[in-house]
Amino acid sequence: MAAISKLSFIAVVLSGVLAAPLDGTSKFTTHRSRISARGVDLPSYHPAAIYETFGDGIEHPLAKRADATSEDAAVSFLEGKLGFKKGSFKYKTGFKGEGAAHVYVKQLINGIEVANSVANVAMKNNKVVAYGANFVKPKHTGPSTAKVTSDQAISLAESHLGGKWNSWPVKTEYFIKDDDSAVLTHVVQIQNEDHWYEGFIDAHAGELVNVIDFVADAAYRVVPFTKQDPTWAGFSLLTDPYDMTASPNGWHQDTSSYTTTRGNNVIAYHGSASTGQTSQSASGLVFDYTWSSTTQPSTTNNIKVGAVNAFYVANAYHDLLYKYGFTEAAYNFQSTNFNKGGKGNDAVKMSVQASGTNNANFATPADGQAGQCNMYLWTLTSPKRDGDLSNDVITHEFTHGLTNRMTGGGTGRCLTTTEAGGMGEGWSDTVAFWVETNSTTPVDFVLGTWVYNNPNGIRSVPYSTNMSTDPYTYATVSTKNEVHDIGEVWATVLIEVYWGLVAASGYSSNKTDPTGTAGNIVFLHLLVDALPIQPCNPTFLTARNAIIQADVNRYSGANKCTLWKASQDAFAKRGLGPNAANYKNDYSVPSGC
Ligand SMILES: *[C@@H]1O[C@H](CO)[C@@H](O)[C@H](O)[C@H]1NC(C)=O
Ligand SMILES: *[C@@H]1O[C@H](CO)[C@@H](O)[C@H](O)[C@H]1NC(C)=O
Ligand SMILES: *[C@@H]1O[C@H](CO)[C@@H](O)[C@H](O)[C@H]1NC(C)=O
Ligand SMILES: [Zn+2]
């Protein structure tokens with residue numbers, strides 16, 4: 001193959017109308033480099049394209065031949081236009097659109113398709129109205145037979161990309177490298193939780209030379225899910241935070257695709273759900289708005305920051321809890337349920353900076369009807385503070401959706417008594433604690449410090465295993481009748497259980513891995529598993545029994561004594577021993593523990 005690609009290329013470009021930048025430093029249009037979760041550089045290269053449009057159209061070489069198809073015409077046009085030999089191209093696919101017929105053509109080298117070059121030709125009334133192409137005449141062309149086998153390529157791709165081959169047949173294609181050489185590659189599809197890659201393994205050198213990720217990228221500047229509020233570690237620009245198992249189409253698609261804070265799990269909006277969504281700040285689902293801490297949250301820009309964070313946390317919550325069992329069949333909130341059970345059409349509507357102050361709420365109708373979350377501004381400081389940036393508040397609210405849906409079969413009617421409603425508040429605080437606590441040994445936890453502008457937070461005492469700091473026991477319930485007060489007692493009990501499990505089985509920071517065996521992972525499983533097996537309107541006693549039962553179901557009761565034990569942080573320490581009744585504490589444990 002002639003070694004004149006650059007020159008002929010530039011000549012075409014200069015006579016053309018528009019081209020990608022020729023400047024070698026402008027790599028945005030041709031390259032992409034990402035670092036994978038395992039720290040591997042994932043290169044990607046697409047040679048620069050030329051593109052011309054011709055108004056009413058120009059003639060193609062086969063115009064006089066009545067039997068010429070638009071496929072043949074396009075191939076012949078490109079060969080003439082770009083100065084390639086016959087047989088360098090192959091018709092790939094095409095369709096007749098309303099305005100024009102579209103033909104897509106692939107480059108061939110030694111009769112083998114080139115992965116990263118393609119041309120498109122649009123024809124109207126038998127004339128060419130536009131075309132684009134990024135064909136290359138490589139300086140060096142590697143052999144057309146492979147030295148590395150496809151099986152070897154599969155294991156190389158798996159180890160480079162961190163995932164498993166999905167059994168899609170391995171193809172052989174030439175790949176044009178950015179030094180203008182063409183190498184034969186094995187194209188291997190690799191999938192893991194978050195990505196679906198095509199890896200191109202050099203069939204001689206065994207290197208990974210190119211990576212395509214079929215999953216669209218998205219980026220959000222947000223307070224990371226596990227941080228309570230902006231004071232912990234500020235904002236980060238997170239790329240692709242969604243989980244492919246929980247949200248197979250990402251966060252911006254149900255039956256349509258959106259470039260706003262809308263998707264299959266959540267619609268976050270300011271004002272109106274249909275018109276008040278926040279748009280991407282740049283194409284490719286980039287939501288990169290910078291927070292100003294010194295201006296009011298109600299400035300146009302700060303509203304966008306709030307909406308993006310609310311959208312992100314709500315989706316991160318969906319994906320996390322999905323992995324612990326809050327799935328379609330378990331009555332979760334999704335617009336499309338992918339035929340996995342449950343009722344769809346109920347993505348959460350999340351009103352950002354809704355009209356109310358110093359609070360937040362979450363309404364849970366039955367499965368099939370959208371949940372409604374309202375996040376408010378907090379007025380105790382100047383400037384005011386936006387609850388949409390307080391991840392603990394959002395996590396608390398979305399846990400109402402979890403517990404109301406998973407108790408009693410998705411009706412939203414089973415946490416309605418004072419005691420059960422109070423426990424609902426307790427679960428909500430507990431899940432916020434679970435997401436944000438990163439210690440391996442007991443530490444106190446305080447909720448809402450930032451929005452409430454108070455280091456002691458919005459509850460009466462910090463959550464603590466220290467009986468002087470947090471004295472609540474089962475018997476305390478009889479002295480309370482407000483749901484958040486009762487919730488403090490229930491969360492105190494659950495957090496004791498959490499630390500008991502962490503003491504027994506350790507702590508894992510990999511919270512999104514539900515296969516883990518560490519105590520904190522076990523805890524969230526038991527919390528979620530117990531919800532559908534407890535009765536409608538549970539009490540402290542029945543909910544405790546459901547947790548003990550959940551441990552039998554999932555772990556064959558392996559944690560039974562840890563859950564009960566008085567000496568450790570667990571039920572009996574807070575008076576919920578087996579003989580507790582009528583708000584009278586029992587500090588004993590079952591025999592055998
Ligand atoms: C761990 O939690 C503390 C608060 O208890 C927080 O300040 C810190 O940022 C957290 N660290 C990580 C790595 O999340
Ligand atoms: C519990 O808290 C009290 C009061 O803050 C403190 O004096 C005591 O040392 C703490 N106990 C433990 C075991 O940390
Ligand atoms: C977390 O767990 C997932 C699932 O097992 C795993 O793929 C990932 O590598 C883990 N992450 C870390 C940081 O260990
Ligand atoms: Zn609440």
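Being a predicted model, the structure only gives us computed values, none of them experimental. Start at 1 and go down the list; that is how both ligands and their atoms are numbered. Any value given below was found using the heavy atoms of this structure, including those in side chains, with hydrogens, waters and symmetry copies removed.
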Ignoring hydrogens, tell whether any protein atom lies closer than 4.0 Å to atom 14 (O) of ligand 2; use the non-hydrogen atoms only.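 Under the 4.0 Å cut-off, atom 14 (O) of ligand 2 does have protein heavy-atom neighbours.
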May I ask you to identify the nearest protein heavy atom to [atom], giving residue, atom name and distance to one decimal place in Å?
atom                   : result
atom 1 (C) of ligand 1 : Asn438 ND2, 1.5 Å
atom 4 (C) of ligand 1 : Trp232 CH2, 3.5 Å
atom 5 (O) of ligand 2 : Thr469 OG1, 4.2 Å

Could you label the plane-to-plane angle of the His252 and Tyr220 rings as parallel, tilted or perpendicular, counting under 30° as parallel and over 60° as perpendicular?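 Ring orientation, 0 to 90° scale: parallel.
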Indicate whether the side chain of Asp388 and that of Asn309 have a donor and an acceptor atom separated by less than 3.5 Å.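 No, because no side-chain N or O of Asp388 sits under 3.5 Å from a partner of the opposite role on Asn309.
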In His400, the N, O or S atom nearest to the Zn ion (ligand 4) is which?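 Considering only N, O and S atoms, His400 comes nearest to the Zn ion (ligand 4) through NE2.
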Which of the N/O/S atoms in Glu425 sits closest to the Zn ion (ligand 4)?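 Going through the N, O and S atoms of Glu425 one by one, OE1 ends up nearest to the Zn ion (ligand 4).
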For atom 12 (C) of ligand 2, tell me which residue out of Asn466, Asp444, Thr465 has the closest non-hydrogen atom.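 Result: the heavy atom closest to atom 12 (C) of ligand 2 is in Asn466.
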Is there any N or O on Lys227 that sits under 3.5 Å from an N or O of ligand 1?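 Yes: some nitrogen or oxygen of Lys227 is under 3.5 Å from one in ligand 1.
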Under the criterion ring pair (Phe, Tyr, Trp, His ring centres under 6.0 Å), I'd like the reasoning laid out for Tyr324 against Trp434: C-alpha separation, chi angles, the key distance, then a yes or no. CA-CA 13 Å; Tyr324 285 83; Trp434 187 91; 5.7 Å; yes
Spatial distance of atom CG (Asn579) from atom NZ (Lys584) [nearest 0.5 Å]: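 Answer for the CG-NZ pair, Asn579 versus Lys584, is 13.5 Å.
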For the CD atom of Gln369 and the CZ atom of Phe333, what is their distance to the nearest 0.5 Å?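 Going from CD on Gln369 over to CZ on Phe333, the span is 10.5 Å.
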Answer with yes or no after comparing the ring centroid distance for Phe287 and Tyr312 against a 6.0 Å cut-off, counting only values under it.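 Distance test on ring centres: not under 6.0 Å, no.
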